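I have placed the structure first, in the form of structure tokens, so that the comments after it can refer back to it.
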Amino acid sequence: MENVKKVLYSAVQPTNNLTIGNYIGAISNWKKLQDDYDCFFAIANMHAITVRQNPAELRQRTLSLLALYIACGIDPEKCVLYLQSHVSAHAELCWVLNTFTYVGEMERMTQFKDKSARHTENINMGLMDYPVLMAADILLYQADCVPVGLDQRQHVEIARDIAQRFNNIYSPTFKVPEALYMKTGAKINDLQNPEKKMSKSAENPNGAVFLSDDRDVVIRKFKRAVTDSDSLIKYDPETKPGVSNLLTVYSVFSQKSMAETEREFEGKGYGDLKLAVGELVADKLAPIQSEQARLLSDKTYLDEVLKRGALLANKAASRTLGKVYKKIGFYQL
Ligand code: TRP
């Protein structure tokens, strides 16, 4: 029978440490999707260099992220796990799509505006072109859906626009992708500043819990989490953002409903809640961390995964690129 599974595409940049928020919002969901879709999961190192990187660190973080994907349950036999720079079609399609993208559109991108405000010393062309490269990523694999967080929504939107523009000028060439928002899209906020999303670039380092944090560090960060001056454990993000955030983390990591979580902490104090959340998160991270460390010590295996991924990704990508080159009139041998 024909393969009827839909194609799913996503990627993460091998830059900073990932937080538990990134884990909940992205990678933990991918594991559940891998049986239902034909999945391509990339390590977006070409996107990463739009901000200056240390080469040795970038190399190391590439393998760390690959090991993390696998440690989180993404099966490299079921999915195509690969490194973006191993598939030259990304850069090639990006170039073509650049000619179907307007400068004004890119200047209006929220992330471009934010990043150019933060990196005034290096507002490079790559930073501006970032969404077009991302469109190339997605469109090369004829992806039906792209699971992303809210911050990437605009980029998926522009990928759709570019695809439609190209399809209208030539003939249907690209699948027009849909952004996929997770139903369990619990948003985890900063522990020190619970009205803001937990982010890898948090001002206060105690605000974000990283997947690489040791048990003690995890527990300490939760102990120091900001709550409020009353003592009632209740989910109410408006008036009790700190406590509600802790309850959310607990509910997500324990896979219990919010009602059940609230009941569990009835009559208890904030100290109990903070300790329970810290221990739960540390317990959940421990097996992922040890599996990641084990995988990282087996470079031969990781290289094999990347080789297999590169082979399969190149095969799929070159099919699309070939079509595009033909349609735009590039003479082919
Ligand atoms: N820009 C995405 C991020 O930083 C990563 C990414 C690159 C991506 N290419 C992609 C995500 C394609 C989805 C699809 O989160």
Side-chain angles (χ1 to χ4, degrees), residues 6-19 21-30 33-34 37-51 53 58 61-62 65-66 68-69 74 79-94 97 101 106 109-116 118-119 126-163 174-182 185 187-188 197-201 211 309 313 316-317 320:
K6 288 190 169 178
V7 176
L8 181 142
Y9 189 96
S10 203
V12 172
Q13 295 187 52
T15 47
N16 285 322
N17 267 334
L18 295 179
T19 68
N22 301 129
Y23 171 71
I24 292 303
I27 303 178
S28 75
N29 296 309
W30 296 2
L33 297 166
Q34 63 185 345
Y37 294 89
D38 274 335
C39 296
F40 290 84
F41 295 125
I43 299 172
N45 60 342
M46 291 165 68
H47 279 99
I49 61 164
T50 56
V51 172
Q53 303 291 333
L58 181 59
R61 284 179 172 160
T62 298
L65 181 57
L66 176 66
L68 183 70
Y69 279 170
I74 296 168
C79 307
V80 179
L81 278 181
Y82 76 100
L83 183 60
Q84 192 181 26
S85 63
H86 286 167
V87 182
S88 56
H90 289 259
E92 294 173 272
L93 183 62
C94 178
L97 298 183
T101 310
M106 294 299 102
M109 290 294 192
T110 324
Q111 194 173 77
F112 172 67
K113 288 194 280 188
D114 287 352
K115 284 195 183 170
S116 33
R118 270 192 281 132
H119 301 274
L127 197 60
M128 192 169 178
D129 206 25
Y130 181 114
V132 185
L133 179 60
M134 188 162 151
D137 296 346
I138 300 167
L139 301 182
L140 272 177
Y141 300 93
Q142 305 289 349
D144 294 277
C145 48
V146 186
V148 282
L150 275 179
D151 62 323
Q152 296 297 319
R153 187 186 207 144
Q154 207 181 23
H155 292 158
V156 178
E157 226 22 74
I158 207 80
R160 291 170 54 86
D161 292 346
I162 296 172
F174 298 119
K175 179 66 85 27
V176 180
E178 306 266 352
L180 185 68
Y181 302 107
M182 295 291 125
K187 193 172 117 223
I188 295 184
K197 185 180 151 193
M198 184 181 285
S199 136
K200 33 193 180 185
S201 45
L211 292 183
T320 302

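Just so we're clear, the structure is a prediction, and the values are computed from it rather than from any experiment. Ligands are counted one by one from 1 in listed order, and the atoms in each one are counted from 1 as well.
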task: Just do the ring-ring contact (aromatic ring centres under 6.0 Å, His included) check on Phe112 and His155 with the steps written out, would you?
output: CA-CA 10 Å; Phe112 172 67; His155 292 158; over 10 Å; no
I need the atoms of ligand 1 closer than 4.0 Å to a non-hydrogen atom of [X], numbered in the order shown.
X      : result
Asp137 : 7 (C), 9 (N), 10 (C), 12 (C)
Tyr9   : 12 (C), 14 (C)
Val148 : 13 (C)
Tyr130 : 1 (N), 2 (C), 3 (C), 4 (O)
Ala44  : 7 (C)
Ile138 : 12 (C), 14 (C)
His47  : 7 (C), 9 (N)
Val146 : 13 (C), 14 (C)

Do [X] and [Y] come close enough that some side-chain heavy atom pair is under 4.5 Å?
X      : Y      : answer
Asp151 : Lys197 : yes
Asn22  : Leu211 : no
Tyr141 : Leu8   : no

Where Cys39 and Leu33 come nearest, the two heavy atoms and their spacing: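 Smallest interatomic distance, heavy atoms only, reads SG-O, 3.9 Å.
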- prompt: So among Val7, Asp38, Thr320, which one has a side-chain contact (heavy atoms from CB on, under 4.5 Å) with Gln142?
  reply: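 Testing each of Val7, Asp38, Thr320 against Gln142, the sole residue satisfying side-chain contact (heavy atoms from CB on, under 4.5 Å) is Thr320.
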message: Parallel, tilted or perpendicular: which one describes the rings of Phe40 and Tyr82, with boundaries at 30° and 60°?
response: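 Aromatic pair Phe40/Tyr82 classed perpendicular.
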query: What part of Gln152, side chain from CB on, backbone N/CA/C/O, both or neither, has a heavy atom under 4.0 Å from ligand 1?
result: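 It is the side chain that touches ligand 1; the backbone stays farther off.
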query: Does ligand 1 have a heavy atom under 4.0 Å from the side chain of Asp151, from its backbone, from both, or from neither?
result: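 Answer for Asp151: neither.
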- prompt: Where do Asn29 and Leu180 land on the side chain to side chain contact (heavy atoms under 4.5 Å, CB included) test, with the steps shown first?
  reply: CA-CA 11 Å; Asn29 296 309; Leu180 185 68; over 6 Å; no
- request: Looking only at protein heavy atoms, identify the closest one to atom 5 (C) of ligand 1 and say how far it is in Å.
  value: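 Here the closest protein heavy atom is Ala11 O, 3.4 Å.
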